[in-house]
Asks: 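Here it is: the structure, laid out below.
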Amino acid sequence: MDTSTAHASEIAAAVAAGRVSAVAVVDATLARIAQHDGALNAFTAVVEARARKKARALDAARSAGQASGPLAGVPFAVKNLFDVAGLPTVAGSKINRDRAPAVRDATLIARLEAAGAVLVGALNMGEYAYDFTGENVHDGSSRNPHDLARMTGGSSGGSGGAVGGALVPIALGSDTNGSIRVPSSLCGVFGLKPTYGRLSRAHTFPFVASLDHVGPLARSVRDLALAYDAMQGHDPDDPVCVERAVEPVTPLLAKGTAGLRIAIAGGYFRAGLFPEARTAIARVAAALGVGDEIEIPEAPRARAAAYVITASEGAALHLERLRARADDFDPAVRDRLIAGAMIPAALVAKAQKFRRWYRARVLELFAGVDAILAPATPCTAPLIGQSTFMLDGVAVNVRANLGVYTQPISFIGLPVVAVPVPLHPMPIGVQIIAAPWREDVPLRIAHALEAADIVTAAIPALEESRNKPRKWRSDVAAQRHK
Amino acid sequence: MATKRAKSQTKTKPSRVRVKAKTLAARPAKKSVRKVSGTKPEQFADPLDILVDASARALDLPLEPTWRPAVKGNLDVTLRLAALFTDFPLPDDAEPAPVFVA
């Protein structure tokens, strides 16, 4: 086993059995990050001292006879909107660099580390998560591990790049309108956006409270499930996080697709697709023996309502920063936020009313099906710097439109697994969508597709970084965790 | 003459500056922002320009001239999208999605 690129499940099993030490795994991971992150630009901070300290503690605990956790010795990294004790939570911005260092970790980091995982760093992202490209004017663009000239997708761009380039087996991202699923699609990895309210968002920098989700990205379905199970559970620090019993999904993966009714989303979700997206859907559907189409009602209106709520709530969040430090924003983000502040409140109220109507209609569909297949993105990764692409014959803005197929789904908080179809030269994702609180369904389907080699997160050949690793802002954290 | 006409319209037809998402979105965008010589900034020809300027002023938001086209463009796109659901028939007693619990 190459510990620098192994799956989380393999690492955890090896560490628990004593075949490899957590320190050796962390050392290999840090070496791979140093070797390749100059090219991928996925990390904005690497917490080397903290990671090594944690790994030593894990090894000592095992030597003392203590049981290893389900993620023993598994390195992971988080989008830099998660609080990491000792680091300012920058959320992809210049402005937040002036914040005091976080005094504690985000809830999900604490839960992963309680399961034995080891945080190794924070990841690049689109400024304040208002982005589908993975480009960042302050930290530089995240680069796609399958083609460094192309976008990772965003806003969890570093999460997609770090997992896709096998710098870490697991990363955390956030998804307001598609920010886990879009980079998963463009970087060729698995991504889970759980049901709205399932996982705690506590101690993360928000974007749109009505729509914000958090979740994992990984290179195998089992890794996705292991991370998800370790993070479940109510958290009083996030008022949206439900009081619901933990419902482990890892033991259910082997159940396969028997008895599951699956359909393909038609209408809106079939229009505007590039040939590669059509091919991906067709491959997945054929492997599952699915031919029936189902119409998700009023999806264009749902997407529009999500767009309006996002613009308005995002603007409200940043109003004071816009007044005081407008020049310090990414201009593309600033101009969208200023426009968002000008949206009449009546339109936002109407959007929230439509949201309830739409939710009720879509939930009716799940009386007849257990899962719905839909494209994750219209196309494979555009080139970095590309500002427009053709969607249904119309040139549209890339930053705002890579998520046209994800936005109507997260709008009502449905759980989704994005699965990577390994097309050449670039991969592309398919969404597997289920009813609320049924994360087990898309994970079972994804696991079956992975076992059949229909979907897979292949590790691309990466050139050794020509640039020296950038000076990461990890000194504070390193000092703190010594 | 042009100056007088512009002033006259602004004074006698204030309703044109009201925010109507559907109306704004349905109208084709004007090719250029026509500012009449000698008029104040709020006397642009396009209601969307008036909304942008008035909102920026009311909310105390900075709006540099070079940012203006992008801000207006973003607002225009947003209002056009809003028009997709604002005329969708919902009953008067439809509840919004977020529910406050006391």
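Only heavy atoms go into these numbers, but all of them, side chains included; no hydrogens, no water, no symmetry mates. Letters A, B, ... are given to chains in the order of the sequence lines, protein chains preceding strands, and every chain is numbered from 1. Remember, it's a predicted structure, so these values are computed and weren't measured experimentally.
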Asks: Which region of Arg359(A), side chain (C-beta onward) or backbone (N, CA, C, O), has a non-hydrogen atom less than 4.5 Å from a non-hydrogen atom of chain B, or is it both or neither?
Replies: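 Answer is neither: Arg359(A) stays 4.5 Å or more from chain B.
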
Asks: Could you have a look at Val77(B), Asp60(B), Val99(B) and say which one has the most heavy-atom pairs with chain A under 4.5 angstrom?
Replies: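 Result: the option with the highest number of such pairs is Asp60(B).
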
Asks: Give, as side chain, backbone, both or neither, the part of Ala54(B) having an atom under 4.5 angstrom from any heavy atom of chain A.
Replies: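 Interface part for Ala54(B): neither.
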
Asks: Do you know which of Asp335(A), Asp327(A), Leu322(A), Val308(A) has the most heavy-atom pairs under 4.5 Å to chain B?
Replies: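 Highest number of heavy-atom pairs under 4.5 Å: Asp335(A).
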
Asks: Under a plain distance cut-off of 3.5 Å, with no hydrogens placed, do Arg321(A) and Ser93(A) share a side-chain donor-acceptor pair?
Replies: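 Ser93(A) vs Arg321(A): no donor-acceptor pair found between side chains.
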
Asks: Between Glu439(A) and Arg198(A), is there a salt bridge with N-O shorter than 4.0 Å?
Replies: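 A salt bridge is present here (some side-chain N lies under 4.0 Å from a carboxylate O).
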
Asks: Under 3.5 Å, is there a donor-acceptor pair between the Thr176(A) and Asp212(A) side chains?
Replies: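 Judged by distance alone, the side chains do pair up.
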
Asks: Does the Lys NZ or Arg CZ of Arg303(A) fall within the cation-pi geometry relative to Phe411(A) - under 6.0 Å from the ring centre and within 45° of the axis?
Replies: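 Cation-pi check for Arg303(A) and Phe411(A): fails.
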
Asks: Given a strict heavy-atom distance threshold of 4.5 Å, which part of Phe354(A) is in contact with chain B: side chain, backbone, both, or neither?
Replies: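 Contact with chain B is through both the backbone and side chain of Phe354(A).
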
Asks: Do we see a donor-acceptor contact under 3.5 Å between the side chains of Asp330(A) and Tyr130(A)?
Replies: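 Short answer, no.
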
Asks: Highest number of heavy-atom pairs under 4.5 Å with chain B: which of Arg323(A), Arg355(A), Arg336(A)?
Replies: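 The option with the most such pairs is Arg323(A).
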
Asks: For chain A, which of Leu61(B), Asn74(B), Leu90(B), Leu75(B) has the most heavy-atom pairs under 4.5 Å?
Replies: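 Ranked by contacts with chain A, first place is Asn74(B).
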
Asks: Tell me whether Glu364(A) at atom CD has more than 12 heavy atoms from other residues, nucleotides or ligands lying less than 6.0 Å away.
Replies: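 Yes, CD of Glu364(A) has more than 12 neighbouring heavy atoms, counting only those of other groups under 6.0 Å.
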
